Amino acid sequence: MKQLFLSVNDGSVHLVQTPAPVVKDHTVIVETLYSVVSAGTERSLTSFGGKNLVQKALERPDQVKKVTEKISTDGILSTVEAAFGRLKDPMPMGYTAVGKVKEVGCGVLGISVGDIVAEVGQAYHAEVNRVGKNLVVPVPKEIGDIRQAAFSALGGIALEGIHQAEVIPGETVAVIGLGLLGHITARILYAYGCDVIGFDVADKTLPDTKLKAFINSTADTAVETVKSLTNGRGVDKVIINASTDSNAPIDLSEEITRDRGTICMIGVTRMNLDRRPFYQKELSFKIARSYGPGRYDSSYEEEGFDYPVGYVRFTEGRNVEEFLRLLATGRLMIADLITHVVEFNDAPKAYEMITKNPGHEKYIGVLLKYKENQTKWEPVVTNAGTVKAKVAHDKINIGLIGAGLFARTTMLPIMKGLGLYYFKGMATTGGIASAQANEVFPFAYTTNNYKILLEDAAIDLIVVSTQHNSHARFIIEALRAGKNVYVEKPLCLTSDELDQIETAYKGSRGELFVGLNRRHAPLIQVIKKELQTDKIPAVYDYICNAGYIPPDHWTQDEQKGGGRILGEAVHFIDTVQYLDGSRIEGLKVDFISNPAYPSKDNAVLTVAFQSGGIANIIYTSMGSKKYPKEQLRVISNGAVYEMDNYVNLRKYGSSKKTEGKLKQDKGISSEYRYMYDVLKGKKQNGGIIQAIEAMRLLLKEMGK
């Protein structure tokens, strides 16, 4: 299938060929018929992408702050590489569409194959979308022109603003900003029996948008005109739809709103609130969060948990349902807002119009129309720009399962830079991650069926980069298929899975690697060599200032991610075990008891080694971002070595010495060289035995 992406580097948009997404539980596969190009949101994104680095920095000072903090802890070169890596990642465009249901996942009720549905949120500009069940709503048959249903996300946004403003039928409401969203908001308010006064810097009135009056928001008489239209009271509510860097919409709202009125922000403007009018009139100011309750809640949007109607009348999905009801009853009509319909294959022309507009066209609602195309369902997409067969006998052909952020920004760039690996095949369950990775690091082919990689005799190494709860399944299947396997940590989430992995590994001709890269880091190698920690017992003190992650993040989920101790702390157990060189005799985990941090991501791990060495590992999410993420102190034989975030190493003995690097090096590149050497028969794979042993002890301690 084809999908539209934005290049954040330069602001250009282009169509990408990628496999169609496959259905998952609580999701629906929808074949897109029409999608809406949002002249506001998407124009601002393309405009941002077209700016140079200085302009981007000035527009996003919050991101600049994050970069400067990272420089202070990770080094300038590592930070620059990470920042430019993120800029290379193409961004999927679009968020509202109408289409036909092609497949329904387990747990989806009330929607059948063949239904015409409105889709929001996950409704990208793509021939096929996979959308959560709470984000699709059947289109009533009474809506003759289904193109109107493609605007459902905008209708949901307008309705959420109306709900947040607590509009009552019969009130007078000011709508500031008469773009596409402003017209939809005004028409819904009229359908609800409200008088609407429209404001904009230019006359954008339309016959079917029934306004009590239009007022130029820059006019000196704007405030007096409002008073004359409202018996001197002012408007009851203000809904701001404008998109501007100016504070003018806020200033105007404060003046035209009646005593104890409400101002609600839907658009994007400067928000410098003047205390005096808010105090004198006791005004309320609210911000509507996109389409409504459920937005940005992964349990609602991705896992399909709905909010009880008795507690939340209008959720994200029910706002869309209400918008469609208004269309179906004829109380709302927006067909006249559709000014342009562009063939999907010509999508870049639509973006040229809303950004540069060389033809000086007047546009409001811009739709992309999708033609019938059976090739969109092909499970394999071949990249014509790559060589299908092995490129060279000295390279390792990889098949990548999953294409998450780590794979796109770290793994693939490093593998490409080494020149030791050839990107043969990639498999994901959805079109987005696959297309994002393939655009920057092209594979010979991409697919939505991982079994094709296992059956490909040319693939030497299966790389698993998926959510933690799927690691064990992919490892076992790949090993049984005779493949070598490299998996991001952790190996698995339960002891039963670990037993199955070990059995599969012993019975397979393939090698197994797990992404515990810190043992390969140059500064760790220096410590092991100079302190001879594998010969003389040492004391290890490892601090990981991991940073806060919200409790609803998938890594915190015991079922999906296993929690951060299983997911990340395994790194530090492996590092100290590598330094010590002996087996672990004891492992204990103690969690902090702090109501402010309910997730199990603040713990002390105590490790006792057969050699007599001991390690204390502190893993915490409570620290400052300005403090380095990782610090290791090794004390042995009259010396103290202090490693600071894989950038600096201070050595205290008879004298003090410091060894530094220009950029952070956590050993990932060296790890990939090591894997290559093992697969070419130059080295033995010793690390996996220690990884399995340590994982077994940790799982037992965690009750897994």
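Worth saying up front: this structure is predicted, and the values here are computed from it rather than measured.
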Give the minimum heavy-atom separation between [X] and [Y], together with the two atoms involved.
{"X": "Ala403", "Y": "Met426", "answer": "CB-SD, 3.9 Å"}
{"X": "Pro249", "Y": "Thr269", "answer": "CG-CG2, 4.0 Å"}
{"X": "Leu368", "Y": "Ala350", "answer": "CD2-CB, 4.2 Å"}
{"X": "Ala288", "Y": "Glu160", "answer": "CB-CG, 3.9 Å"}
{"X": "Val131", "Y": "Val120", "answer": "CG1-O, 4.0 Å"}
{"X": "Thr257", "Y": "Gly261", "answer": "CG2-CA, 3.6 Å"}

How far does [atom1] of [X] sit from [atom2] of [Y], to the nearest 0.5 angstrom?
{"X": "Leu180", "Y": "Leu337", "atom1": "CG", "atom2": "CG", "result": "6.0 Å"}
{"X": "Ile256", "Y": "Ile263", "atom1": "CD1", "atom2": "CD1", "result": "8.0 Å"}
{"X": "Ile240", "Y": "Phe199", "atom1": "CD1", "atom2": "CZ", "result": "11.0 Å"}
{"X": "Asp297", "Y": "Thr315", "atom1": "CG", "atom2": "OG1", "result": "11.0 Å"}
{"X": "Thr27", "Y": "Asn134", "atom1": "OG1", "atom2": "CG", "result": "11.5 Å"}
{"X": "Glu255", "Y": "Asp274", "atom1": "CD", "atom2": "CG", "result": "9.5 Å"}

Between the side chains of [Y] and [X], is the shortest nitrogen-to-carboxylate-oxygen separation below 4.0 Å, so that they form an ion pair?
{"X": "Lys102", "Y": "Glu31", "value": "yes"}
{"X": "Glu166", "Y": "Lys286", "value": "yes"}
{"X": "Arg258", "Y": "Asp236", "value": "yes"}
{"X": "Arg325", "Y": "Glu322", "value": "yes"}

Quick one: does [X]'s side chain get under 4.5 Å of [Y]'s, heavy atoms only?
{"X": "Ile197", "Y": "Leu229", "answer": "yes"}
{"X": "Val23", "Y": "Val28", "answer": "no"}
{"X": "Tyr296", "Y": "Arg289", "answer": "yes"}
{"X": "Leu159", "Y": "Tyr291", "answer": "no"}

Treating [X] as the side-chain partner and [Y] as the backbone partner, does any N or O pair qualify as donor plus acceptor under 3.5 Å?
{"X": "Asn448", "Y": "Val22", "answer": "no"}
{"X": "Arg233", "Y": "Lys227", "answer": "no"}
{"X": "Gln122", "Y": "Gly132", "answer": "yes"}
{"X": "Thr262", "Y": "Ser284", "answer": "no"}

Distance-only polar pair, side chains of [X] and [Y], donor-acceptor under 3.5 Å:
{"X": "Arg187", "Y": "Thr209", "answer": "yes"}
{"X": "Lys24", "Y": "Thr429", "answer": "yes"}
{"X": "Glu127", "Y": "Asn373", "answer": "yes"}
{"X": "Thr205", "Y": "Asp203", "answer": "yes"}
{"X": "His26", "Y": "Glu303", "answer": "no"}
{"X": "His183", "Y": "Asp208", "answer": "no"}
{"X": "His125", "Y": "Tyr95", "answer": "no"}
{"X": "Lys2", "Y": "Asn345", "answer": "yes"}

Please report the C-alpha distance between Phe214 and Lys204 in whole Å, then the side-chain angles of each, then the deciding distance to 0.1 Å, and finally whether the side chain to side chain contact (heavy atoms under 4.5 Å, CB included) criterion is met. CA-CA 9 Å; Phe214 170 79; Lys204 297 179 181 177; 5.7 Å; no
Which donor-acceptor pairs under 3.5 Å do the side chains of residues 168-179 make with protein atoms, sequence neighbours left out?
| residue | atom | partner | partner atom | Å |
| --- | --- | --- | --- | --- |
| Glu171 | OE1 | Ile168 | N | 2.9 |
| Glu171 | OE1 | Lys237 | NZ | 3.0 |
| Glu171 | OE2 | Lys237 | NZ | 3.4 |

Aromatic ring proximity Tyr300/Phe305, centre distance under 6.0 Å: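 No, the ring centres sit 6.0 Å or more apart.
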